[in-house]
Amino acid sequence: QVQLVESGGGLVQAGGSLRLSCAASGRTFTGNAMAWFRQAPGKEREFVAGIWWSGGIVYYADSVKGRFTISRDNANNAMYLQMSSLKPEDTAAYYCGARMGLQAMTNPRAYDVWGQGTQVTVSS
């Protein structure tokens with residue numbers, strides 16, 4: 001079983017930047033894609049950005065396009081989310097997920113493994 005561990009969250013002022021990391025450990029990752037989701041209190045988990053493990057094709061939610069950049073390091077089984085121009089509405093717990101099947105990347109039910117989450121708080 002693959003384990004995912006997120007890090008890099010914190011408190012930042014609006015307009016600031018943060019870089020989240022997701023490290024995969026345990027068995028060799030055999031999924032086909034990984035993604036970042038976020039969940040604010042009282043809201044559903046929502047897709048932020050995703051990346052195909054082979055080929056590196058990326059997808060972004062409209063709300064973060066132009067501000068966030070997802071990347072991966074295949075050799076080290078790691079994924080990153082560079083977040084810039086942060087807004088208070090970006091405040092949420094951020095989770096990384098690993099997908100083994102072929103369900104829609106934006107669907108949280110498509111993911112088989114999740115990390116424990118890292119909190120991002122953006123103050124106005």
Undergrad: Please examine the side chains of V48 and Y60, heavy atoms only from C-beta on, and report whether any two atoms are closer than 4.5 Å.
TA: no
Undergrad: Find the distance between OG (S21) and CD (E6) and round it off to the nearest 0.5 Å.
TA: 10.0 Å
Undergrad: Report the distance from atom CD of Q13 to atom OG of S124, rounding to the nearest 0.5 Å.
TA: 9.5 Å
Undergrad: Salt bridge (charged side-chain N to carboxylate O under 4.0 Å, His left out): which pairs involve residues 60-82, sequence neighbours left out?
TA: D62-K65, R67-D90
Undergrad: Just by modelled atom types, is the R109 backbone N or O under 3.5 Å from a matching donor or acceptor in the N107 side chain?
TA: yes
Undergrad: Examine distances only and state if a side-chain atom of D112 and a backbone atom of M100 form a donor-acceptor pair shorter than 3.5 Å.
TA: yes
Undergrad: For the pair Q39 (side chain) and A93 (backbone), establish whether a donor and an acceptor sit closer than 3.5 Å, ignoring hydrogens and angles.
TA: no
Undergrad: Using a side-chain heavy atom cutoff under 4.5 Å and only I, L, V, M, F, W and Y, what cluster partners does I57 have?
TA: F37, F47, W52, Y59, Y95, L102, M105, Y111, W114
Undergrad: Just wondering, do C96 and M79 contact through their side chains at under 4.5 Å, heavy atoms?
TA: yes
Undergrad: Kindly compute the distance separating CZ (R38) from OG1 (T118), expressed to the nearest 0.5 Å.
TA: 14.0 Å
Undergrad: Apart from Y80 itself, what residues make up its hydrophobic cluster when side-chain heavy atoms of I, L, V, M, F, W and Y under 4.5 Å apart count as a link, directly or indirectly?
TA: none
Undergrad: Taking C-beta and beyond as the side chain, do V113 and Q3 meet within less than 4.5 Å on heavy atoms?
TA: no
Undergrad: Flag the pair L81 / R19 as yes when at least one side-chain heavy-atom distance between them is below 4.5 Å, and no otherwise.
TA: no
Undergrad: Out of T91, L18, L86, V12, which residue meets the side chain to side chain contact (heavy atoms under 4.5 Å, CB included) rule with T121?
TA: T91
Undergrad: How long is the span from the CD atom in Q119 to the OH atom in Y94, to the nearest 0.5 Å?
TA: 9.0 Å
Undergrad: Of all heavy-atom pairs between P88 and A14, which one has the smallest distance, and what is that distance?
TA: CD-CB, 4.1 Å
Undergrad: Between G9 and V120, which heavy-atom pair has the shortest distance, and what is it?
TA: CA-CG2, 4.2 Å
Undergrad: For the atom pair CD (Q82) and CD1 (I70), what is the distance rounded to the nearest 0.5 Å?
TA: 12.5 Å
Undergrad: How many angstroms lie between atom CG of N74 and atom CD1 of I51, to the nearest 0.5 angstrom?
TA: 8.0 Å
